[in-house]
Amino acid sequence: MNSLVNINNKKVKYDYSLLDNYTCGIVLTGNEIKSIRNSNASLNNSYCQFEGDELYVVNMHVDQYKNSSELNYEPKRKRKLLLNKQELRKIQKQVIDVGITVVATSLFISKKGIAKLNISVAKGKREFDKRNVIKDRESKISLKRIKKNFNS
């Protein structure tokens, strides 16, 4: 993932427990890929859903390319994800369980210049789980502060 474009969905790790990770291609138009190369995209509130045997990313926002002449551009349209059949079947079996969903975690441009999307099969966290994450983070920060003051 050594690329200049790396768009992350920061809330995913806070809201979900990530189970399995996949990297997949994404079907884009020419103007969309140019916009993504300019980092004009957002994964906030995006998720993936099945339509038949195909997986689509929903609610991924890609701004219109500034030099585009396209008239009826939809920035949050559904975009098809490119995975092989075995991976699609495996994800589809996991999504059948209650509370399991597929979320987009990051979008990047590969070394070959192709847009790739990292997705994860995830289980939603409950409110007390989120509080525990915050408490652990704050305790780590306070430990670092204590170590820093002790060493000084």
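What's counted below: heavy atoms across the whole structure, side chains too, no hydrogens, waters or symmetry copies.
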Set out, in order, the CA-CA distance, both residues' side-chain angles and the distance that settles side chain to side chain contact (heavy atoms under 4.5 Å, CB included) for Leu107 and Ile36, then state yes or no. CA-CA 9 Å; Leu107 175 67; Ile36 289 172; 3.9 Å; yes
Without swapping roles, check the side chain of [X] against the backbone of [Y] for a donor-acceptor pair under 3.5 Å.
X: Glu32; Y: Thr29; result: yes
X: Arg37; Y: Gly113; result: yes
X: Arg79; Y: Tyr56; result: no

Lys123 vs Leu18, test: side chain to side chain contact (heavy atoms under 4.5 Å, CB included). Steps then yes/no. CA-CA 7 Å; Lys123 184 172 184 165; Leu18 305 180; over 6 Å; no
Exercise: identify the closest heavy-atom pair between [X] and [Y]:
X: Tyr73; Y: Val62; value: OH-O, 2.7 Å
X: Asn9; Y: Ser46; value: ND2-OG, 4.0 Å
X: Leu28; Y: Ala115; value: CD1-CB, 3.7 Å
X: Ser35; Y: Tyr65; value: N-CD1, 4.0 Å

Mind running salt bridge (Lys or Arg N to Asp or Glu O under 4.0 Å) on Glu51 and Lys80 for me, showing each step along the way? CA-CA 10 Å; Glu51 285 187 12; Lys80 184 178 175 182; over 6 Å; no
Which value, rounded to the nearest 0.5 Å, describes the distance between Thr101 atom OG1 and Asp15 atom CG?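 That separation rounds to 11.5 Å.
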Contact between [X] and [Y] at the side-chain level, heavy atoms closer than 4.5 Å - yes or no?
X: Ile141; Y: Leu143; value: no
X: Asp53; Y: Lys85; value: no
X: Phe108; Y: Leu117; value: no
X: Thr105; Y: Leu43; value: no

Counting heavy atoms not belonging to Tyr22, are there more than 12 under 6.0 Å from its OH? yes
Polar side chain donor-acceptor pair, [X] to [Y], under 3.5 angstrom:
X: Ser120; Y: Asn21; value: yes
X: His61; Y: Asn59; value: no
X: Asp20; Y: Gln94; value: yes

Checking side chain to side chain donor-acceptor pair (under 3.5 Å) for the pair Asn118/Thr23: CA distance, chi angles, key distance, verdict? CA-CA 4 Å; Asn118 284 332; Thr23 300; 2.7 Å; yes
The test is side chain to side chain contact (heavy atoms under 4.5 Å, CB included); show your working for Leu19 and Ile100 and say whether it passes. CA-CA 9 Å; Leu19 305 175; Ile100 303 291; 3.8 Å; yes
Other ILVMFWY residues reachable from Val58 by side-chain steps of under 4.5 Å: Tyr47
Assess the residue pair Cys48 and Leu81 against the criterion (side chain to side chain contact (heavy atoms under 4.5 Å, CB included)); give the C-alpha distance rounded to whole Å, side-chain angles, the decisive distance to 0.1 Å, and a yes or no. CA-CA 9 Å; Cys48 301; Leu81 298 179; 3.7 Å; yes
